[in-house]
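Reviewing the structure listed below.
Both counts, for ligands and for their atoms, begin at 1 and track the order of listing. Index from 1, following the sequence.
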Amino acid sequence: MNYHKKTVKDVDVKGKKVLLRCDFNVPMAKDGSGVITDDKRIRAALPTIQYLLDQGAAVIACSHMGKPKGEVKPELSLKPVAQRLSELLGKEVIMAEDVVGPDAQAKAKALQPGQIMLLENTRFEPGETKNDPALAKAMADMAEIYVSDAFGAVHRAHASTAGVADYLPAVSGFLIQKELDFIGGALANPKRPLVAILGGSKVSSKIGVINNLLEIADTIIIGGGMAYTFSAAQGGKVGDSLLEADWMDYANDMVKKAQEKGVKLLLPVDTVCGDKFAPDANIQIVKTGEIPDGWEGLDIGPETVKLYCDAVKDAGTVIWNGPMGVFEFPAFAKGTEAVAEALSKTEAITIIGGGDSAAAVQQLGYADKMTHISTGGGASLEFMEGKELPGVACLLDA
Ligand code: ADP
Ligand code: MG
């Protein structure tokens, strides 16, 4: 995939109506009060919005929120987003009552340079997730240029993330540009050695990433729940640990493939087990492959921590996807924390992809020490799998 794309800086937006796809899929309080519990995604969109307004564009922002499945669901209205955005920008955000209906059309038509409006939740329209050309065209007809800044949604070929680009010149905003530069750069032309740290719960969800990174990385480090499938495949005892028996052959293939390619593949040598999946479980540390019945591996052990921290010390680039253990329980967060700390101390370019990994790094207090934390869990995963991202592929090449 060519990820060298035109950006907002490559087009003249002065006096133009710009359709801006954002990722305003923010978490809302469960009580239906309309309170946004984390406005990070709204704040992340500000640089592009502010730039467009400063340049004299009239901005028609849009986003999806949740899964209304093509129906109007008041609890998934973007009205609270418009209000928060207005507070952050210090200016009015005109809220449309619909996506491409009469209210949106009229407000878009009346919109003046330097003004911003927000369309309703794009997924209120059944055509959004089906990438219906009629919906894409109706959205495009309101504007003259399309700017995509919703990295969290670029792996979806929906009307507002990809379809509209069939009808308008399409460029990226600053947020997407940063993701493309860092993740794309690390994959295409990494400062070596490139070390990939892969963890999380399941091998099955990370196969694409392991496969692609086997072609690119110098070292691959395996941690998290998926490590036990590798261990079992090599004849180890894994007790009640997370195990995907169907993927054991695959795990052995990966080990073989790494050997053939000269990629260093590191697996845990010890593990922290609990006697139940709970924060107050009893704990013991055992060698890999020697987990007793009734116990489950919930974190990498101290010997493994040493080995892994050593492996990232002289890295040029580190890509990290997937926590090393059940970091949500403090007793099993040590492996993840040690790796985060090791990354914070390297000179390497450090890139964190994956929703839970990003949350772990944030929660453990290392976020500002990383070079780049991706804003799109699913999108960054597919990017690292080497897949084409429809919301990026549709943008004009630089
Ligand atoms: P990401 O979102 O970063 O891609 P995943 O979704 O693949 O990561 O995995 C994250 C989850 O994996 C976390 O909730 C964590 O608790 C879980 N996990 C990590 N190690 C283990 C383990 N040994 N056993 C069970 N779950 C684990
Ligand atoms: Mg996850």
**OP:** Kindly give the cluster partners of Leu175, where membership spreads through any ILVMFWY side chain lying under 4.5 Å from a current member.
**Re:** none
Subject >> Any donor-acceptor N/O pair, Glu144 side chain to Lys17 backbone, under 3.5 Å >> reply: yes
**OP:** State yes or no: are the ring centers of Tyr51 and Phe174 separated by less than 6.0 Å?
**Re:** yes
Original post:
Between Lys287 and Asp270, is there a salt bridge with N-O shorter than 4.0 Å?
Top reply: no
Original post:
Is Asp103 reaching over with its side chain to a backbone N or O of Ala96, donor-acceptor style, under 3.5 angstrom?
Top reply: no
Subject >> Sub-2.8 Å protein N, O or S atoms surrounding the Mg ion (ligand 2) >> reply: Asp356 OD2
Subject >> Hydrophobic cluster identity match, Val18 and Ile116, side-chain contacts under 4.5 Å >> reply: yes
Original post:
If you count only heavy atoms, which residues are under 4.0 Å from ligand 1?
Top reply: Gly200, Ser201, Lys206, Gly224, Gly225, Tyr228, Gly297, Leu298, Asn321, Gly322, Pro323, Gly325, Val326, Glu328, Gly354, Gly355, Asp356, Ser357
Subject >> Co-members of the apolar cluster containing Ile300 [side chain, <4.5 Å] >> reply: Val195, Ile197, Ile221, Leu266, Val269, Val305, Leu307, Tyr308, Val312, Val318, Trp320, Met324, Val339, Leu343, Ile352, Val361, Leu364, Tyr366, Met370, Ile373
Subject >> Ring centroid separation Tyr167 to Tyr146 under 6.0 Å >> reply: no
**OP:** Report yes or no: does Lys264 contribute a side-chain atom to a donor-acceptor pair with the main-chain N or O of Asp218 at less than 3.5 Å?
**Re:** no
